[in-house]
Amino acid sequence: MKYDFTKFRNSMNSIGIELTNSQLNAFETYYDMLIDRNKVMNLTAITEFDEVMDKHFLDSVYLFRSIELKEDYKLIDIGTGAGFPGIPLKIVFPELKITLLDSLNKRVGFLNDVIDELNLNDIEAIHGRAEDIARDKTYRASYDIAVSRAVANLSTLSEYCLPFVKIGGKFVSYKSGDCADEVDNAKAPIHLLGGKISKIDEFSYSNNSRSFIVIDKVMNTSNKYPRKAGLPSKKPL
């Protein structure tokens, strides 16, 4: 390995994950592909090795501290961008069945290249908007977990994500820092969409602060939602 993984390995160890050399090699290849492709398309503003390991890869995997990730779980990562958190989760928890959803075809092309290069199984990258894909019977109400690190308010994200989750499943929103007001404003829309906030987990590591908002899917989402493309962000519930 050409990079010093000591800090990253220790950070993972501190949250109870021991990475194999094979997994470290996968993260190294992923990093190289990310930086190389970032030269010709906008994938990340963070490019320094330790920062990517910390703020993208470790941050993605922290999910397992908030919810159980069972071997047969199906997970969808909505607005995945460069593959966060879906690809780091797949590297660390290879038994998960993962769908990566993004609205930009060039990013989906990059994700497919990473999947091929890392020989990852039971993972797919699909191109489309959440508002449209959530109406496809193949994907609607078929996931145990939906996650999103996308930058949008919680009401909007809930309308994007909750339709994908089966009853008994969870939607987890990755948020930075204090999000109490945002959570309060989203409670009624979340209830309308069939969800219920079960907990908010806050973590601090390497000068980063992260909140996971865990929402249980307790009822079916009305077929009215999500509304047509663009409305959830322009006019949040």
Side-chain angles (χ1 to χ4, degrees), residues 60 63-64 67-150 152 154-174 189-196 213-233 236-237:
S60 293
L63 176 72
F64 101 105
I67 63 169
E68 187 177 10
L69 297 174
K70 291 184 179 178
E71 290 191 2
D72 59 346
Y73 271 1
K74 288 179 64 181
L75 179 149
I76 185 166
D77 176 7
I78 296 165
T80 186
F84 314 128
I87 290 178
L89 285 169
K90 184 65 181 177
I91 292 171
V92 176
F93 304 101
E95 65 281 355
L96 291 174
K97 298 173 176 63
I98 292 181
T99 299
L100 307 171
L101 174 62
D102 200 82
S103 60
L104 190 64
N105 206 28
K106 285 195 296 185
R107 284 197 291 256
V108 172
F110 166 72
L111 297 171
N112 279 319
D113 288 344
V114 173
I115 290 167
D116 290 342
E117 185 66 29
L118 299 184
N119 293 313
L120 300 176
N121 299 311
D122 285 330
I123 182 170
E124 62 173 349
I126 58 174
H127 171 234
R129 297 184 67 128
E131 300 100 315
D132 299 324
I133 303 298
R135 296 197 168 277
D136 186 326
K137 291 179 181 177
T138 304
Y139 301 102
R140 190 177 183 91
S142 63
Y143 290 90
D144 301 287
I145 304 166
V147 294
S148 184
R149 282 174 97 231
L154 186 58
S155 296
T156 299
L157 285 175
S158 296
E159 188 170 356
Y160 289 153
C161 298
L162 278 169
F164 287 96
V165 183
K166 63 175 71 169
I167 291 177
K170 299 178 186 299
F171 160 46
V172 185
S173 176
Y174 286 61
I190 287 168
H191 176 74
L192 182 67
L193 294 160
K196 181 181 179 182
I213 303 167
V214 181
I215 299 168
D216 293 339
K217 182 70 173 283
V218 295
M219 296 182 295
N220 283 321
T221 304
S222 166
N223 288 331
K224 293 189 293 186
Y225 306 108
R227 292 166 292 166
K228 66 181 183 179
L231 270 182
S233 58
L237 292 170

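What's counted below: heavy atoms across the whole structure, side chains too, no hydrogens, waters or symmetry copies. Start at 1 with the first residue, then count along the sequence.
Closest approach of Arg140 and Thr221 over heavy atoms only: NH2-O, 3.4 Å. Contact between Pro226 and Pro163 at its shortest, heavy atoms only, is CD-CG, 3.7 Å. Contact between Asp102 and Gly79 at its shortest, heavy atoms only, is OD1-C, 3.7 Å. Across Tyr139 and Ser142, no two heavy atoms sit closer than the pair O-OG, 2.7 Å. In this structure, Ala229 and Arg129 approach most closely via the heavy-atom pair CB-NE, 3.6 Å. Closest non-hydrogen pair, Tyr174 versus Ser60, comes out as OH-O, 2.7 Å.
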Kindly indicate, with the supporting measurements, whether the criterion side chain to side chain contact (heavy atoms under 4.5 Å, CB included) is fulfilled by Lys224 and Leu192. CA-CA 11 Å; Lys224 293 189 293 186; Leu192 182 67; 5.9 Å; no
Chi angles and distances behind the side chain to side chain contact (heavy atoms under 4.5 Å, CB included) call for Ile78, Phe171: CA-CA 10 Å; Ile78 296 165; Phe171 160 46; over 6 Å; no
Check the pair Tyr225, Leu162 against side chain to side chain contact (heavy atoms under 4.5 Å, CB included), reporting the backbone distance first and the verdict last. CA-CA 9 Å; Tyr225 306 108; Leu162 278 169; over 6 Å; no
Under the criterion side chain to side chain contact (heavy atoms under 4.5 Å, CB included), I'd like the reasoning laid out for Ile115 against Lys90: C-alpha separation, chi angles, the key distance, then a yes or no. CA-CA 10 Å; Ile115 290 167; Lys90 184 65 181 177; over 6 Å; no
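Counting only heavy atoms from C-beta outward, the side chains of Leu69 and Leu89 approach each other to under 4.5 Å. Within the 4.5 Å cutoff, side-chain heavy atoms of Met219 are placed close to those of His191. The closest side-chain heavy-atom distance from Pro85 to Leu63 is not below 4.5 Å. Residues Ile215 and Val165 are not in side-chain contact: their nearest non-hydrogen atoms beyond the backbone lie 4.5 Å or more apart.
Summarising the geometry, atom CG belonging to Leu111 is positioned 11.0 Å from atom CG belonging to Asp116; distances are rounded to the nearest 0.5 Å. To the nearest 0.5 Å, atoms CZ (Phe164) and CD1 (Ile133) are separated by 6.5 Å. Between atom CD1 of residue Ile145 and atom SG of residue Cys161 there is a gap of 12.5 Å, rounded to the nearest 0.5 Å. Atom OG1 of residue Thr138 and atom CZ of residue Arg135 lie 15.0 Å apart, to the nearest 0.5 angstrom. A distance of 9.5 Å separates CD1 of Ile123 from CG of Asn112, quoted to the nearest 0.5 Å. Atom CD of residue Glu131 and atom OG of residue Ser233 lie 6.5 Å apart, to the nearest 0.5 angstrom.
Using modelled atom types, no side-chain atom of Asp77 and backbone atom of Leu100 make a donor-acceptor pair closer than 3.5 Å. The backbone N or O of Pro232 sits less than 3.5 Å from a side-chain atom of Thr156, completing a donor-acceptor pair. Within the 3.5 Å criterion, the main-chain N or O of Ala82 finds no donor-acceptor partner in the side chain of Arg107.
Look at Asp144 and Lys166 and you find a salt bridge, because one of the NZ, NE, NH1 or NH2 atoms lies within 4.0 Å of a carboxylate O, short of that distance.
In this structure, Glu117 places its CD atom where only 12 or fewer heavy-atom neighbours from other residues, nucleotides or ligands lie under 6.0 Å away.
With sequence neighbours excluded, the residues satisfying side chain to side chain donor-acceptor pair (under 3.5 Å) with Tyr143 are Thr99.
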